[in-house]
Visitor: 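Below you will find the structure I want to go over with you.
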Amino acid sequence: MSQEAIRKVIEGILSEMGISDVAVHLDQPNNPSHGDLATNVALTLASAVGKSPRTIAEEIASHIKVGEFGIQAVEVAGPGFLNFKLSTDQVVTVLMDIIVEQDGYGRSDDGKGRKFMVEFVSANPTGPLHLGHGRQGALGDAIAGLLEWNGWSVGREYYYNDAGAQIDRLGESVWARYQQYLGEEIDLPEGGYQGEYVIKIAEKFAAEYGDRFKGDNSQKPLDLMKRTAIRIIRDEQDKDLSDFRIDFDVYFLESSLYENGQVESTVEALKKAGHVYDKDDAVWLRTTEFGDQKDRVMIKRDGSPTYFLPDVAYHIDKWNRGFYQVVNVQGADHHGTIARVQAGLQALGLPEGYPDYVLHQMVRVERDGKDVKLSKRSGSYITLRELMTEVGVDVTRYFFQMRKPEGHLVFDLDLALDQSDKNPVYKIQYAHVRMCSIFRKAGIERDNLIAENVDLSVLDTKAERELIKQLSHFPELIRRAARLRAPHIMCDYLEETAGAVNSWYHAGNPNRNPELAVLVSDSDLRNARLVLARAIQIVLYNGLSILGIVAPERMFRDSDTAVHSTNR
RNA sequence: GCGCCCGUAGCUCAGCCGGAUAGAGCAACGGACUUCUAAUCCGUAGGUCGCAGGUUCGAAUCCUGCCGGGCGCGCCA
């Protein structure tokens with residue numbers, strides 16, 4: 001790339017000026033009038049050198065040889081920026097890269113194949129998945145995709161909290177519903193689960209076991225109902241997730257940590273590490289030594305562990321499996337647990353800050369500007385299943401991804417159901433479809449398109465030049481989005497790119513400006529624009545695939561249902 | 001009270017590894033187009049970047065303090 005070469009040139013000039021060891025930072029200005037590349041070295045050097053920024057910039061500029069490294073012009077602007085304009089020849093070279101690399105364009109090897117775990121969703125099997133889980137699923141899957149594109153070997157993992165008090169409460173709820181079903185006057189337990197799915201589970205249980213456990217409040221039916229409920233709910237959650245196009249590599253059961261003694265051995269290890277003490281008949285861990293706000297109970301008065309103990313055991317297990325990089329995606333309401341889990345792990349010698357977390361805020365659904373809340377399915381919250389059935393998987397995923405995780409999300413149902421370009425998902429998909437349709441119309445197999453022998457320098461309209469530069473930003477963008485664990489950066493990029501693409505496409509409407517159409521009669525121009533169209537298609541395809549969203553070949557309007565045909 | 005997050009255009013939000021006139025979408029307003037590549041296109045207007053200090057040649061961006069909103073502060077997860 002010429003960028004690296006130009007950086008070296010500037011560094012060379014600086015050292016001739018007696019200034020060395022300066023990191024020259026070149027960036028690509030958003031404002032086209034600031035050229036194709038710009039640097040602020042002169043400003044950063046001014047006070048150290050004792051000259052005005054503009055003087056330094058002028059001096060550097062005077063040593064730049066126009067014509068080399070694709071530099072077409074250099075100028076000093078504003079307070080002392082150096083702006084470079086590159087030749088069209090130079091700018092269009094990226095198109096060759098894109099066409100050659102195809103679905104590899106944008107990948108990096110930063111991770112060098114090392115292991116990276118993304119743990120997400122991790123819902124308790126106590127009820128249907130809600131929108132928080134949906135947001136988590138969409139975010140986690142996209143973060144995993146971003147990391148994969150940066151060369152990490154990513155494991156997607158789901159932790160089922162299938163042990164503990166919440167699950168006991170579920171069993172008791174089913175038990176109560178079962179008794180009610182058999183005509184007994186029994187109330188739901190305190191803190192029990194209200195949703196109608198609990199009734200369904202009780203009915204299924206009754207269908208299988210009849211009235212054998214009527215009035216029987218011994219441990220045996222309770223355990224049986226608990227296991228049955230977990231099985232049914234897990235099946236349903238798994239179905240929801242696979243329909244949401246999320247596949248996990250590992251489903252990790254909390255109960256397995258008890259069964260194979262890892263909880264026990266973690267207790268022993270913590271005791272051995274010397275950060276454990278007894279107080280009020282409970283066993284405490286001195287998490288304050290590692291920055292927590294107060295010490296935490298790890299074994300309750302009744303002898304059972306608090307949730308955070310298996311959590312620590314689980315993360316030890318992750319570490320021992322070679323996942324030295326872990327990011328957990330969870331709701332912000334759990335943020336209070338982070339310090340204590342990390343503290344527990346540090347007590348056992350794991351590094352500070354392990355694991356990393358992405359916390360997301362809650363989702364609010366609006367229709368006509370008003371909150372939508374009710375769901376009879378779950379008893380209170382809207383389920384993921386309900387939302388994705390109504391608006392489609394692509395739209396649901398995108399909407400969950402398009403805002404930064406730490407912000408609240410307003411899910412606008414009216415916009416989600418709109419099938420025009422107003423809806424960012426469709427806007428991006430249409431842009432992709434339009435590129436595909438050009439090749440259909442031209443009768444060209446786009447996968448076979450090659451850019452050799454095509455004179456790309458004819459792509460010199462302002463719109464084309466900016467579009468090409470936009471495509472060239474893609475690899476760096478993936479890096480940035482992965483580093484910040486921020487899928488919304490990709491969403492913004494794709495929407496912006498799609499806007500430029502649609503505008504470029506529409507400008508060539510044969511009714512107005514046939515000379516701007518891709519399929520113009522001038523064959524040199526046509527061939528070059530086909531290369532651009534193909535490059536656009538590749539970038540949109542790659543971007544969407546990272547987000548787990550379909551890049552359709554063609555789209556149809558179906559007026560009867562809101563669910564888009566490409567989601568099937 | 002303590003901790004974390006958020007506060008940018010009428011609305012929903014980017015930008016926040018400090019930089020050159022603060023961006024996008026929707027809504028609003030004004031044009032264009034009449035099926036051609038149109039489940040349109042082009043353009044206009046709209047902001048004390050919550051407030052007040054500080055650091056800096058330069059602050060939406062960094063620091064401090066307030067104000068407003070969310071979440072957490074269980075021997076629940």
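Below, chain A is the first sequence line, B the second, and so on; all start at residue 1.
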Visitor: Check whether any side-chain heavy atom of L139(A) lies under 4.5 Å from a side-chain heavy atom of F120(A), and answer yes or no.
Guide: no
Visitor: Taking atom CE of M555(A) and atom SG of C436(A), what is their separation to the nearest 0.5 Å?
Guide: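 So the CE of M555(A) and the SG of C436(A) are separated by 11.0 Å.
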Visitor: Measuring from the side chain of M555(A) (C-beta onward, heavy atoms only), which nucleotide among rA77(B), rC75(B), rA39(B) has the closest atom?
Guide: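 In terms of side-chain proximity for M555(A), the closest of rA77(B), rC75(B), rA39(B) is rA39(B).
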Visitor: Just how far, in rounded Å, is P of rC13(B) from CG of L494(A)?
Guide: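 One finds 20 Å between P of rC13(B) and CG of L494(A), rounded.
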Visitor: Does NZ or CZ of R234(A) come closer than 6.0 Å to the centre of the six-membered ring of Y160(A), within 45° of the ring's axis?
Guide: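 Yes, a cation-pi geometry.
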Visitor: Looking across every strand, which nucleic acid part, if any, lies under 4.0 Å from N502(A) by heavy atom: base, sugar-phosphate, or nothing?
Guide: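 Counting heavy atoms under 4.0 Å across all strands, no contact is made by N502(A).
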Visitor: Please tell me if H488(A) has a side-chain N or O lying less than 4.0 Å from either OP1 or OP2 of rG15(B).
Guide: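 Affirmative; the distance criterion is met.
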Visitor: Just call it for H335(A): base, sugar-phosphate, or nothing, with non-hydrogen atoms closer than 4.0 Å on any strand.
Guide: base
Visitor: Given that both distances must come in under 3.5 Å, which nucleotide forms a Watson-Crick or G-U wobble pair with rG53(B)?
Guide: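 Checking every strand shown, rG53(B) finds its partner in rC63(B), with both distances under 3.5 Å.
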Visitor: Which part of the nucleic acid, if any, lies within reach of A38(A) when heavy atoms closer than 4.0 Å are counted: base, sugar-phosphate only, or nothing?
Guide: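 Result for A38(A) = base.
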Visitor: Students often get this wrong, so: under 4.0 angstrom with heavy atoms, is H334(A) touching a base, only sugar-phosphate, or nothing?
Guide: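 Base: the residue H334(A), judged by heavy atoms under 4.0 Å, touches a nucleobase.
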Visitor: Identify the nucleotide, in any strand shown, that forms a Watson-Crick or G-U wobble pair with rG47(B), with both distances under 3.5 Å; if there is none, say none.
Guide: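 The answer is none; no pair meets the criterion.
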Visitor: Find the distance I338(A):CD1 to rA77(B):C1' and express it as a whole number of Å.
Guide: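 About 14 Å, once rounded to whole Å.
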Visitor: In whole angstrom, give the distance that lies between atom CG of N31(A) and atom P of rG23(B).
Guide: 8 Å
Visitor: Which part of the nucleic acid, if any, lies within reach of N124(A) when heavy atoms closer than 4.0 Å are counted: base, sugar-phosphate only, or nothing?
Guide: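 Touches sugar-phosphate only.
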Visitor: Of the options rA39(B), rG25(B), rA38(B), whose atoms approach the side-chain atoms of Y430(A) most closely?
Guide: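 Side chain of Y430(A) sits closest to rA39(B).
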Visitor: Measure from the side chain of A77(A), starting at C-beta and using heavy atoms only, and say which of rA77(B), rG72(B), rA20(B) lies closest.
Guide: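 Shortest atom-to-atom distance from the side chain points to rA20(B).
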Visitor: Would you please confirm or rule out a distance under 4.0 Å between OP1 or OP2 of rC42(B) and any side-chain N or O of S503(A)?
Guide: yes
Visitor: Say we look at rC13(B) and rC75(B): how far apart would their P atoms be, to the nearest angstrom?
Guide: 35 Å
Visitor: Can you identify which nucleotide, out of rC76(B), rG19(B), rA39(B), has its nearest atom closest to the Q166(A) side chain?
Guide: rC76(B)
Visitor: Can you find a side chain N or O atom of R480(A) that sits less than 4.0 Å from OP1 or OP2 on rC16(B)?
Guide: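 Looking at the OP1 and OP2 atoms of rC16(B), one of them is under 4.0 Å from a side-chain N or O of R480(A).
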Visitor: Quick one: look up who rG58(B) pairs with, Watson-Crick or G-U, both distances under 3.5 Å, and put none if it's unpaired.
Guide: none
Visitor: Where each residue is assigned the nucleotide of RNA chain B containing its nearest heavy atom, which of G407(A) and A332(A) is assigned the position nearer the 5′ end?
Guide: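 Residue closer to the 5' terminus by nearest nucleotide: G407(A).
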Visitor: Does K404(A) make a side-chain N or O approach to OP1 or OP2 of rA14(B) shorter than 4.0 Å?
Guide: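 Yes, such a contact exists.
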Visitor: Do NZ/NE/NH1/NH2 and the carboxylate oxygens of R301(A) and D280(A) come within less than 4.0 Å?
Guide: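 Looking at D280(A) together with R301(A), the answer is no, because their closest N to O distance does not fall below 4.0 Å.
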Visitor: Please name the nucleotide paired to rU37(B) by Watson-Crick or G-U wobble geometry with both distances under 3.5 Å, or report none.
Guide: none
Visitor: Kindly assign one of parallel, tilted or perpendicular to the pair F411(A) and F399(A), based on the angle between their ring planes and the thresholds 30° and 60°.
Guide: tilted
Visitor: Pick base, sugar-phosphate or nothing for D27(A), based on heavy-atom distances below 4.0 Å to the nucleic acid.
Guide: nothing
Visitor: Using a heavy-atom cut-off of 4.0 Å across all strands, would you classify T44(A) as base, sugar-phosphate, or nothing?
Guide: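 Base contact.
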Visitor: Can you tell me the base-pairing partner of rG30(B)? Count Watson-Crick or G-U wobble geometry only, both distances below 3.5 Å, and say none if there is no partner.
Guide: rC42(B)
Visitor: Quick check on rC75(B): is either OP1 or OP2 less than 4.0 Å from any side-chain nitrogen or oxygen of K279(A)?
Guide: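 It does not, given that no N or O in the side chain of K279(A) lies less than 4.0 Å from OP1 or OP2 of rC75(B).
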Visitor: Do the side-chain N or O atoms of K294(A) get closer than 4.0 angstrom to the phosphate oxygens (OP1, OP2) of rC73(B)?
Guide: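 Answer no for this pair, as no side-chain N or O of K294(A) is under 4.0 Å from OP1 or OP2.
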Visitor: Mind calculating the distance between CD (E190(A)) and P (rC76(B)) to the nearest angstrom?
Guide: 14 Å
Visitor: Would you say the side-chain atoms of H488(A) and Q401(A) include a donor-acceptor pair closer than 3.5 Å?
Guide: no
Visitor: Taking the basic N atoms (NZ, or NE/NH1/NH2) and the acidic carboxylate oxygens, is any pair closer than 4.0 Å for D522(A) and R526(A)?
Guide: no
Visitor: Considering every strand shown, what is the Watson-Crick or G-U wobble mate of rG3(B) when both distances are under 3.5 Å?
Guide: rC71(B)
Visitor: Take D295(A) and S420(A), find for each the nucleotide of RNA chain B with the closest heavy atom, and name the residue whose nucleotide sits nearer the 5' end.
Guide: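 In this pair, the answer is S420(A).
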Visitor: Is there a side-chain polar atom (N or O) of K422(A) under 4.0 Å from OP1 or OP2 of rA39(B)?
Guide: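 Answer is no, no contact under 4.0 Å.
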Visitor: If you check every side-chain atom of H34(A), which of rU12(B), rU21(B), rC5(B) has the closest atom?
Guide: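 So the nucleotide nearest the side chain must be rU21(B).
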Visitor: Just the rounded figure in Å: distance from P of rC13(B) to CG of D492(A).
Guide: 13 Å
Visitor: Considering Watson-Crick and G-U wobble pairs with both distances under 3.5 Å, what does rG25(B) pair with?
Guide: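 Result: rC11(B).
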Visitor: With rounding to the closest Å, how many angstrom separate the C1' atoms on rU8(B) and rG47(B)?
Guide: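 Per the computed distance, 8 Å lies between those C1' atoms.
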Visitor: Between rG53(B) and rG46(B), how many Å separate the two P atoms, rounded to a whole number?
Guide: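 The answer is 27 Å between these two P atoms.
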Visitor: Check every strand shown and say whether N509(A) touches a base, only sugar-phosphate, or nothing at a heavy-atom separation below 4.0 Å.
Guide: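 Touches a base.
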